[in-house]
Peer 1: 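One structure follows; several queries about it will come next.
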Amino acid sequence: MSVWDPRGPIADRIEGLFWPVFWVATVVFVVVQGLILFVVFAFRDRPGRKEPKQVHGNAALEITWTVIPTLILAVLAVPTVQAVFDLTECPDNAMRIDVIGHQWWFEYVYPEQNNIDTANVMVIPVDTEICLHMTSEDVLHNFWVPQLNGKRYLVPGQETILRLAADETGEFWGHCGEFCGLSHSLMRARVIAMEQGDFDAWVAGQQESAPVPEEGTPEWEGLQLYLNKGCTACHSVDFEDNSAGIEDQIRPEGGFRGPNLTHFASRSVFAGAYLPYEGIGYEEALGEWLADPPSVKPGSFMPNLGLTGEEIDNLIAWLESNQ
Ligand code: CUA
């Protein structure tokens, strides 16, 4: 994550504000510190020296050092205030994505794409204005992908707006920017910017329902565990026409407590975009997570289900079939 490496017009605009402010502040710093050093040395006490001439109450000096900072701040305020107003509102043609903060992961819903409901990885088309409509299911969170924009709060019961745009394809890292409980430091995000064609293909894939595995396969066994171990209390999977023997799960206000698992394996990361981290593979990380989630993410609402090694393998097989 870096604010020094903007990859979109909004982040560019913010970085473009930073440097003038930085250089003006640098000049002020050098001049003021230089004058202090000069005064300290030039007027230091020496044997036989009289008290230097006092300038207290010198109207000309006091007006000067009031007017100069006022002018500097007034000049800096013009582009800053302009940018604040320009960047706060979404353009009318922006594509909408809803962001819902949960302890400790981000949910993304695409209302213009038939309500695709995904987690941790936000996929966007490149060179497109995105308008995030954000809220939180539980506590204050803050969405921050520094290469694409500054940060903004997700507030329970309120909607906040954040613009996002990438001018090149790639993966951009984000993080929750507000302390939100035990695993705040593990509440991460990814934004993946794709060419429009690739994005359309991704949308088509995400709109498909989950496959129902063949009976007797490890994938089937994994699905039975999902259905019978209480996973459906927090997670959801979109099956076509009740085909897996469960009712369609209706999305409650604010979403489910846990991510929608329909296209789980299409995401490069899981567990709040924390896993897999460098050095452990996807399957190994998934095994570690399923074996005991609270040991990986302290405070996790996903309990240790006491799964056996074979059950974990079956669950992994089923999850990996959800492309
Ligand atoms: Cu969510 Cu910190």
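Whatever order the structure lists them in is the order used to number ligands and atoms, beginning at 1. Residue numbers count from 1 along this sequence.
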Peer 1: Please verify the inter-ring angle class for W19 with F22; under 30° counts as parallel, over 60° as perpendicular, anything in between as tilted.
Peer 2: perpendicular

Peer 1: Would you say the side-chain atoms of W104 pair up with the backbone N or O of C180, donor to acceptor, closer than 3.5 Å?
Peer 2: yes

Peer 1: Does Q103 bring an N, O or S atom to under 2.8 Å of atom 1 (Cu) of ligand 1?
Peer 2: no

Peer 1: Hey, which N, O or S atom on H184 ends up closest to atom 2 (Cu) of ligand 1?
Peer 2: ND1

Peer 1: Measure the acute angle between the ring planes of F264 and F270, then classify it against the limits of 30° and 60° as parallel, tilted or perpendicular.
Peer 2: tilted

Peer 1: Tell me which N, O or S atom of E178 sits nearest to atom 2 (Cu) of ligand 1.
Peer 2: O

Peer 1: Tell me, please, if H175 has any N/O/S atom, main chain or side chain, under 2.8 Å from atom 2 (Cu) of ligand 1?
Peer 2: no

Peer 1: Does W173 have R190 sitting over its ring (NZ/CZ under 6.0 Å from centre, angle to axis within 45°)?
Peer 2: yes

Peer 1: When you measure from the side chain of T66 to the backbone of T64, do you find a donor-acceptor pair of N or O atoms at a distance under 3.5 Å?
Peer 2: no

Peer 1: Taking 2.8 Å as the cut-off, does an N/O/S atom of H141 lie below it from atom 1 (Cu) of ligand 1?
Peer 2: yes

Peer 1: Round to 10° and report the angle made at atom 1 (Cu) of ligand 1 by SD of M187 and SG of C180.
Peer 2: 110°

